[in-house]
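Worksheet: the structure to be examined is printed underneath.
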Amino acid sequence: MNKIADINQIRSFFPALEQSVNSKTLVYLDNGATAQKPKQVIDLVNMMNSGINGNIHRAVHELSSKTTELYEDSREAIRQFINAAQKEEIIFTSGTTASINLVAASYGGKYLRKGDSVLVSEAEHHSNIVPWQLICESKEANLRVLPVDENGNWRMDMLDNLLDSSVKIVSVSHVSNVLGLINPVEELIFKAHAKGIPVLIDGAQSIVHIETDVRKLDCDFYVFSGHKLYGPTGTGVLYGKREILDSMPPWMGGGDMVETVTFEKTTYAPLPLKFEAGTPNFIGAAAMLEAIRFVESIDKKFLENTERSIVEYMTEELLKIEGLRLYGAGENRISLFSFTVNGAHPSDLAMIMDKMGVALRSGQMCAEPLMRRYGVESMLRASFAAYNTIDEAEYLITSLKRAIKMLS
Ligand SMILES: Cc1ncc(COP(=O)(O)O)c(C=O)c1O
């Protein structure tokens with residue numbers, strides 16, 4: 001089948017893009033927070049809610065069999081999408097946050113000892129800081145930080161010293177939700193593995209923009225959220241190498257994750273169910289299949305070229321604006337831009353922009369340590385998706401200039 005290489009056709013799948021906000025055509029540029037959903041995803045969710053609804057893995061009746069099949073088909077599609085070796089390595093969660101909490105509690109709970117360390121970077125989302133702090137606190141272990149330089153790049157020159165024998169796991173983002181830079185994860189994984197240290201990659205922002213091959217990356221864990229990948233809210237994935245997942249204890253106990261239960265002893269179900277206790281968001285998880293089909297229906301070259309044009313245009317135009325500081329300098333980046341403007345508070349700018357129909361993110365971006373690094377309390381962020389156009393980028397720049405003028 002021919003791949004789609006037409007932005008209007010891509011946009012036609014997204015009913016949300018047709019709406020007006022504050023009497024202006026919506027220009028949705030908060031995709032880093034959550035992406036809009038294509039009809040295919042909405043239709044599958046509606047179809048399941050309207051009838052194909054039976055709890056998975058439990059009953060022999062027709063509806064249960066159908067939902068189980070849809071759920072498991074989606075797992076297989078995700079396996080292929082990120083090139084995992086086995087279906088059992090794909091665990092459905094409620095999102096990136098839940099995936100990291102699972103690894104921190106289960107892996108950290110088993111392998112961390114007093115005096116050990118967990119290494120994260122200075123540019124992490126709170127979701128990749130706090131779960132590690134919680135487990136470090138209970139184990140009397142330490143959270144170590146790989147700093148970023150003024151341009152937002154990891155201080156790779158400090159990595160060798162930080163990766164000493166106390167480090168039991170490294171957990172870093174492929175792309176920061178503030179800086180938009182593509183981090184040198186391959187080099188980090190190689191160096192960590194040379195010392196026998198496993199690595200978790202937070203792919204919440206990268207999964208939409210970078211073709212992901214977990215086997216090529218050779219990461220031990222890779223996590224992402226479905227809702228940022230055009231899928232339903234409350235869905236996410238934890239990929240883990242089978243060997244390491246097999247060695248980890250369950251995180252949550254409940255239905256579906258057990259083999260046999262007696263009051264004396266319980267044995268657990270094999271992967272992936274060991275980590276999927278209780279009734280999951282099986283409709284959402286099943287609909288991730290449609291989100292992946294949508295992504296795969298688009299011509300990759302077309303996507304890359306559009307994103308490159310947006311990156312070039314945005315970087316050039318943002319930097320021309322007097323008093324504007326763009327955080328995260330470098331060409332190896334995705335179309336996500338965080339900035340501040342002298343004399344204009346990010347929230348005020350975001351509110352004015354909203355009146356012009358432009359949805360942007362403002363605030364501390366769930367990355368307070370990074371805000372502190374740059375000595376700011378908040379930033380403004382524009383993040384693009386496959387359905388955003390160069391015209392929208394131009395509208396953003398024009399509106400931003402007007403908004404800055406209104407505040408000066
Ligand atoms: C890099 C990164 N990690 C983790 C998260 C948390 O994702 P979720 O809220 O979907 O669990 C986000 C969300 O913005 C993110 O950008």
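All values derive from a computational prediction rather than experimental measurement. Counting starts at 1 for both ligands and their atoms, following the listed order.
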Aromatic ring proximity, centroids under 6.0 angstrom, F294 and Y230: yes

H57 ring center near F282 ring center (under 6.0 Å): no

Distance flag, aromatic centroids of F14 and Y28, threshold under 6.0 Å: no

Show the distances, to 0.1 Å, for all pairs joining an N/O atom of ligand 1 and a protein N/O atom that are shorter than 3.5 Å, listing one pair per line.
from     : atom 1 : to   : atom 2 : distance (Å)
ligand 1 : 3 (N)  : D202 : OD1    : 3.4
ligand 1 : 3 (N)  : D202 : OD2    : 2.5
ligand 1 : 10 (O) : S225 : OG     : 2.7
ligand 1 : 10 (O) : H227 : NE2    : 2.7
ligand 1 : 11 (O) : T96  : N      : 3.4
ligand 1 : 11 (O) : T97  : N      : 2.9
ligand 1 : 11 (O) : T97  : OG1    : 2.6
ligand 1 : 14 (O) : K228 : NZ     : 2.5
ligand 1 : 16 (O) : Q205 : NE2    : 2.7

Listed once per pair and sorted, the side-chain hydrogen bond (donor to acceptor under 3.5 Å, both in side chains) pairs that draw on residues 31-47, sequence neighbours left out: N31-Y387, N31-N388, T34-H227

Donor-acceptor contacts, no H, no angles, side chain residues 17-27, under 3.5 Å, sequence neighbours left out:
from : atom 1 : to   : atom 2 : distance (Å)
Q19  : NE2    : A16  : O      : 2.8
N22  : ND2    : D354 : O      : 3.0
N22  : ND2    : D354 : OD2    : 3.3

Residue pairs, two or more places apart or on separate chains, that pass side-chain hydrogen bond (donor to acceptor under 3.5 Å, both in side chains) and touch residues 111-120: Y111-S247, D116-K168, S117-S166

